[in-house]
2 protein chains.
Amino acid sequence: MSKEETVIPKLIPVFRQYGYEGTSLSMLAKATGLGKASLYHHFPQGKEGMATAVMNYIANSFSQAVLQPLNNSDKPDKKIHQMCRGLKEFYNDGKNNCFLAIMSFGEAQSLFGELVKQQLQLWLDTLEKVLIEAGIEPEQAELRSQAAIMEIQGALILVRILNDTAPFERAIANLPEKLFRVPIA
Amino acid sequence: MSKEETVIPKLIPVFRQYGYEGTSLSMLAKATGLGKASLYHHFPQGKEGMATAVMNYIANSFSQAVLQPLNNSDKPDKKIHQMCRGLKEFYNDGKNNCFLAIMSFGEAQSLFGELVKQQLQLWLDTLEKVLIEAGIEPEQAELRSQAAIMEIQGALILVRILNDTAPFERAIANLPEKLFRVPIA
DNA sequence: TTTTTTGTACCGAACGTTCGGTTGACAAGT
DNA sequence: ACTTGTCAACCGAACGTTCGGTACAAAAAA
């Protein structure tokens with residue numbers, strides 16, 4: 001395990017709580033226990049490099065916790081169920097801010113916007129494929145995938161503002177039904 | 001019309017795009033065409049004072065565009081319909097970031113978190129009352145109000161990341177049905 | 001084996017820049 | 001004349017970043 005890989009997890013909560021512009025090198029130095037110069041030894045691109053490393057690290061965690069269950073060979077409803085478990089873990093029951101959302105505005109948007117978009121699109125596409133596999137028509141599958149991710153993102157915001165994880169837990173609990181429910185008309 | 005009230009609208013887009021910590025006095029000075037000292041003349045509390053003024057200004061706009069329709073004497077479904085029109089206007093068809101979401105993390109959270117929470121709660125309560133008036137049971141009314149705001153917040157994030165307003169427009173279009181739909185079971 | 005070299009990790013101090021905030025003087029409005 | 005609004009110039013502090021150099025261990029040379 002390289003040194004960077006031991007440092008990155010310590011960078012994560014800082015960026016996650018304060019955003020890209022709200023995070024300073026001093027905060028990162030304190031969080032890692034390293035001097036600012038030492039951080040530059042490991043991340044020659046400085047703050048931007050650390051944020052990039054954190055994004056990749058998180059993309060990996062996300063892929064493992066959320067996407068991988070969707071790509072295995074279980075039945076669709078079990079895949080979704082496993083994704084929900086992964087989501088609860090990944091977002092720490094709603095207490096974690098979403099990195100994609102955090103990195104999608106301000107200065108971070110111009111730096112990481114394209115990467116963020118790709119990550120979100122990957123999630124959307126993976127989810128959509130599972131719904132199609134479950135027999136839902138393609139246009140509906142796309143709409144429902146978007147609606148699901150919308151709900152999760154919105155839930156994370158409500159949790160943050162209201163300081164109450166209930167909205168997130170409800171959103172996760174309702175996800176399978178929302179994704180699979182037969183249309184009314 | 002006081003000078004402050006002519007200045008505040010010029011501050012809004014800066015805070016909205018870059019967040020509290022991403023916004024600098026230089027940006028605000030350029031956006032208003034005033035020197036930093038002049039800004040301090042109008043807002044002795046500096047950046048924090050300007051952000052506060054902007055929050056109050058926006059709370060007012062929101063109240064007028066979104067909450068007021070919910071408090072008039074029309075029938076519930078018409079109230080909701082009018083709220084949706086207000087939302088499209090207030091969020092500029094989804095192209096505007098939500099201030100509450102922006103001001104709910106990082107340093108801004110400790111400064112404005114309580115105010116943000118109150119604003120959101122006001123919206124929730126107002127919406128809930130309309131649903132109850134429409135005959136929906138109180139617990140359901142609360143859940144659906146939360147779900148509605150969740151969806152709007154999530155939609156705004158998707159719009160931002162995907163650079164496509166379609167998710168927001170769909171979310172608004174589906175709102176009335178989601179709020180009023182009779183339960184399946 | 002001992003010495004020398006190389007390389008990695010690290011840090012204290014300082015860099016130039018920008019930050020949020022202040023001062024004092026000038027101009028406009030009353 | 002007096003208040004109000006404005007600005008250029010400036011302040012100390014913090015920013016992200018870089019530099020010079022130390023500590024130490026592994027590799028190479030003697």
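Convention: sequence-line order gives letters A, B, ...; per-chain numbering from 1. Computed from a prediction, not measured in an experiment: that's the story for all the values here.
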Task: Sequence-aligned protein contact record of nucleotides 23-30 of chain C, with B where the base is within under 4.0 Å of a protein heavy atom and S where only the sugar-phosphate is - done: B-------

TODO: Go along nucleotides 14-21 of chain C 5' to 3' and tag each nucleotide: B for a protein heavy atom under 4.0 Å from its base, S when only backbone or sugar atoms are that close, - otherwise.
DONE: -----SBB

Open item on the list: Checking A:F43 now: which residues fulfil ring-ring contact (aromatic ring centres under 6.0 Å, His included) with it, not counting sequence neighbours?
Closed with: none

Task: With sequence neighbours excluded, residues passing ring-ring contact (aromatic ring centres under 6.0 Å, His included) with B:F90 - done: B:F62

Task: A:H41 NE2 to D:dG20 C1', straight-line distance once rounded to whole Å - done: 15 Å

- [ ] Check the distance between D:dC7's C1' and B:L39's CG and give it to me in whole angstrom.
- [x] 11 Å

Open item on the list: Whether B:H42 contacts D:dT4 is assessed here as follows: a side-chain N or O lying under 4.0 Å from the phosphate OP1 or OP2. Is that the case?
Closed with: no

Open item on the list: Measuring to OP1 and OP2 of D:dC7, would you say a side-chain N or O of B:S38 lies under 4.0 angstrom away?
Closed with: yes

Open item on the list: Measuring only between side-chain heavy atoms, which start at C-beta, is B:I149 closer than 4.5 Å to A:I157?
Closed with: no

- [ ] Would you indicate what B:G33 reaches in the nucleic acid, counting non-hydrogen atoms under 4.0 angstrom: base, sugar-phosphate, or nothing?
- [x] sugar-phosphate

With sequence neighbours left out, what residues match [X] under side chain to side chain contact (heavy atoms under 4.5 Å, CB included)?
X: A:K95; answer: A:N92, A:D93, A:T165
X: B:N72; answer: B:D74, B:K79, B:Q82
X: B:S145; answer: B:L124, B:L127, B:E128, B:L131
X: B:A29; answer: B:K36, B:L39

TODO: Scan for ring pair (Phe, Tyr, Trp, His ring centres under 6.0 Å) pairs involving residues 149-175 of chain B, sequence neighbours excluded, and state none if there are none.
DONE: none

Open item on the list: Taking ring pair (Phe, Tyr, Trp, His ring centres under 6.0 Å) as the cut-off, I'd like each qualifying pair that reaches into residues 92-119 of chain B, sequence neighbours left out, listed once.
Closed with: B:Y20-B:F112

- [ ] Please list, chain by chain and in numerical order, all residues satisfying side chain to side chain donor-acceptor pair (under 3.5 Å) with B:R170, sequence neighbours excluded.
- [x] A:Q146

Open item on the list: Is there a continuous path of hydrophobic side-chain contacts, each under 4.5 Å between heavy atoms, that joins B:L143 to B:M83?
Closed with: no

Task: Angle of first-five versus last-five pair axes in the helix from C:dT2-D:dA29 to C:dT30-D:dA1, to 10 degrees - done: 20°

